[in-house]
Amino acid sequence: HGVFIRMPGVAPLNRCVRPELKMALLIQNRFWALYVLRICFTVFALSLSGTSLIITHAQGQADILVQQLRDLPTPLPASVTSNGVVKSEERRRRQLYDQIRQLGPEGVLALSRGLHDNDVQLRKNAALALTVLAGNWFEPSWSKLDIKAALPALIAALRDSEPNVR
């Protein structure tokens, strides 16, 4: 039993709390204990698989880059403007393509996931990025990216309802 300080005019907590409320507080405390236990177990399990965290981070980074493709116009512009100025969205496209290309296989897998997205604009841009990165016609100084891992998604994209994805 603990030490209780009695304050004049204030009833002890035990007398103030109804039995239903005590039970609810007890259940809530057990819920939070189980929640904290789950978090500890998850952190422990993830610490045992450190390499999968690295892969997940790279995949997450690739997915973030691919999601940014949705804001770009399609198709690619036919030519450079007569004054030689490159539009900001085309500069952004080049940056995104280069970053995805540098991620290698993780970038290819993120693009294949992009082919299955609900947003048609993202699907069109993912297909376009795969064709660009598999060849060297867009930027001759870039090495070709091996997109074999994306072939199942590309084959499925042939049945897409949007002709520009096909």
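Since we're looking at a predicted model, the values are computed, not measured. Along the sequence shown, residues carry numbers from 1.
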- Heavy atoms only: give me the nearest W137-T131 pair and the separation to one decimal.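 That would be NE1-O, 3.6 Å.
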- Can you name the nearest heavy-atom pair linking A149 to S112, along with the distance?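 Scanning both residues completely, I find the closest heavy atoms to be O-OG, 4.4 Å.
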- Item | Ring-face cation contact, F138 with R94, 6.0 Å cut, 45° max | yes
- Gap between atom CG of L109 and atom CG of D63 - 0.5 Å precision: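 Going from CG on D63 over to CG on L109, the span is 9.0 Å.
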- Find the distance between OG1 (T74) and CD (Q121) and round it off to the nearest 0.5 Å. 4.0 Å
- Message: Show, in sequence, the C-alpha distance, side-chain angles and deciding distance for L145 and L130, and conclude whether the side-chain contact (heavy atoms from CB on, under 4.5 Å) test is met.
- Response: CA-CA 8 Å; L145 191 60; L130 283 165; over 6 Å; no
- Item | Listed partners of Q102 passing side-chain contact (heavy atoms from CB on, under 4.5 Å), at least two apart | D98
Check whether any side-chain heavy atom of [X] lies under 4.5 Å from a side-chain heavy atom of [Y], and answer yes or no.
X	Y	answer
D117	V66	no
E90	P73	yes
L128	K124	no
L69	L111	yes

- So, the side chain of Q99 versus the backbone of L65: is there a donor-acceptor pair under 3.5 Å, distance only?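 Checked: no pair found.
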- Query: Checking side chain to side chain contact (heavy atoms under 4.5 Å, CB included) against N125, which of R93, R70, Q68, Q67 comes through?
  - Reply: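 Between N125 and the candidates, side chain to side chain contact (heavy atoms under 4.5 Å, CB included) is satisfied uniquely by R93.
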- Query: Honestly curious: do I155 and I147 fall in one hydrophobic cluster under the side-chain, below-4.5 Å linking rule?
  - Reply: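 Per the 4.5 Å side-chain linkage, I155 and I147 are not co-clustered.
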- Consider only side-chain heavy atoms of I, L, V, M, F, W and Y, link residues closer than 4.5 Å, and tell whether L122 and V120 are in one cluster. no
Expected list for residues 158-166: side-chain donor-acceptor pairs under 3.5 angstrom, two or more places apart:
unit_1, atom_1, unit_2, atom_2, d
D160, OD1, R123, NH2, 3.1
D160, OD1, E162, N, 2.8
D160, OD2, R123, NE, 2.7
R166, NE, D160, O, 2.7
R166, NH2, S161, O, 3.4

